[in-house]
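Notes follow the structure.
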Amino acid sequence: MTELENNRPATVRFAPSPTGYIHIGNARTALFNWLFARQNHGEFILRFDDTDEARSKTEFAEAIRADLEWLGIVPDTVAWQSKRGEAYAAAADRLREAGLLYPCFETGEELERRRKLRLARRLPPVYGREALKLTDEDRHRLEAEGRKPHWRFLLPNFADNPFETRRTEVHWDDVVRGPQTVDLASMSDPVLIREDGTYLYTLPSVVDDIEMGVTHIIRGDDHVTNTGAQIALFRALGSEAPAFGHHNLLTAASGEGLSKRSSALSIGTLREDGYEPMAIASLAVLIGTSESVAAMGSMSALLELFRPDFASKSAAKFDPAELTTLNRALVHDLSYEAVADRLAAMDISGPKADAFWTTVRKNIDFVKDAARWWSIVENGPVRDETLDDGDLEFVREAFALLPPEPWDGATWSVWTDAVKSATGRKGRALFMPLRVALTGIRSGPELADLLPLIGREGTLARRP
Ligand code: GLU
């Protein structure tokens, strides 16, 4: 367990853009933050990075909140970047006044042309700060032509002359990856504000992290390089940067990254498919770590195992089949009390519902699969399998030997002992035809447990 050294409670945030539904990879980030906060008596902020007005949708934000809650994550605070424009404008003004935010007028094509030129001259393909050479007159002329500037943050990677950059290392001790170094001279001055005045993610994120008192930024390792520039931005805004942690990403079985745009592995879809939240949470957290993947029955059990630095450095492949294995393991251990409401919603209730659940849970992958067995118990066998003539004869003979009521857990062996003596059949040749006659399926829960649930009357009604 990682207790914070100075005992200051942690404040973390999960900061999705509400531009789609969250998937298991996003759940990993959310859970790393959640578990870290729980371990450090901390606060968890859900922050919607919704500065991209065109793509952000309230409907997605609502779905993200519901998905997190279903996983067991209930934020202490919910914040929306779209409501915090003033704070970002004030920060941009401060940077401008300090000469750290400068207007640029290049088009995408111009930038691309320059990039190619630099590559051809074996220079790193970073922005050459040409806009810093513009005079006031140049700027007025460009603006008079209707050109609107975008704004870049001047990275502190030079001594006096911004055109002479020098290696400028930024170090941090990553709570997941250990010591990290990024060279600010290897990157372009990041664009903070677009031509239309909207903010890219970097400035709002840093402003919020400062104002919301975030102590630990835990996110995917696709952000490692951004972190160098962000640390510089924290300092430019007069703040010390918080701690950072970058966990490895999950990929699809094909090795491709998971995308919010494809709904296949969204948390909502997995929930509708019947997965238990702890199956998803267990896999989302434990995959690609030094712990082996196992089904944790509760968030506290997962918390016992969690250490942010247990994540490995390479991407981990997410395999949906593994999720089903975990789900099965969880379902096998679910008590009747834990599922009673869900069973009732499938009309599985009444005096035998409890014994029914204890009987079938070991044979199903999903709670919803109980419905099929309930129907077998209540209404009769599914007609998947038929009996050949010899077996049919045998089953008819066996049914004539059904013991009288009351029936209990011992009835099956009383019955089959009688059948064995009368027919000479034993083992599989004895029980498989009976199983098929009773359930219509060649595998399933223990017949000794099913028989009293079906009852004598129900059993007799299955006589072929
Ligand atoms: N909205 C950003 C993303 O989804 C947040 C990254 C961060 O946690 O700083 O990538």
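As the structure lists them, so they are numbered: ligands from 1, and atoms in each ligand from 1. Side chains are part of it too, since the values below use all heavy atoms of this structure and drop only hydrogens, waters and symmetry mates.
- For Arg47, no nitrogen or oxygen atom sits less than 3.5 Å from a nitrogen or oxygen atom of ligand 1, counting backbone and side chain alike.
- Counting only N and O atoms by type, the side chains of Ser188 and Arg129 include no donor and acceptor under 3.5 Å apart.
- In this comparison of His246, His223, Arg13, the heavy atom closest to atom 8 (O) of ligand 1 sits on Arg13.
- Neither the backbone nor the side chain of Phe14 comes within contact range of ligand 1; no heavy atom lies under 4.0 Å.
- In this structure, Lys83 is not positioned above the aromatic face of Phe48 in the sense of NZ or CZ being under 6.0 Å from the six-membered ring centre and within 45° of the axis.
- Atoms of ligand 1 lying under 4.0 Å from any heavy atom of Ser17, numbered from 1 in the order shown and given with element: 1 (N).
- Between the side chains of Ser300 and Arg38, no donor N or O sits under 3.5 Å from an acceptor N or O.
- Counting atoms of ligand 1 from 1 in the listed order, those under 4.0 Å from a heavy atom of Asp49 are 1 (N), 2 (C), 5 (C).
- Of all the atoms in ligand 1, the ones that sit under 4.0 Å from a non-hydrogen atom of Arg219 are 7 (C), 8 (O), 9 (O).
- For Ser82, the side-chain contact (heavy atoms from CB on, under 4.5 Å) criterion is met by Asp50, Trp80, not counting sequence neighbours.
- Between Ala15 and ligand 1, at least one N/O pair is under 3.5 Å apart.
- Arg435 and Thr439 are not linked by any side-chain donor-acceptor pair at a separation below 3.5 angstrom, with hydrogens and angles left out of the test.
- Legend: residues meeting side-chain contact (heavy atoms from CB on, under 4.5 Å) with Glu106, ordered by chain and number and at least two apart, are Cys104, Glu110, Leu111, Arg114, Tyr127, Glu130, Ala131, His150.
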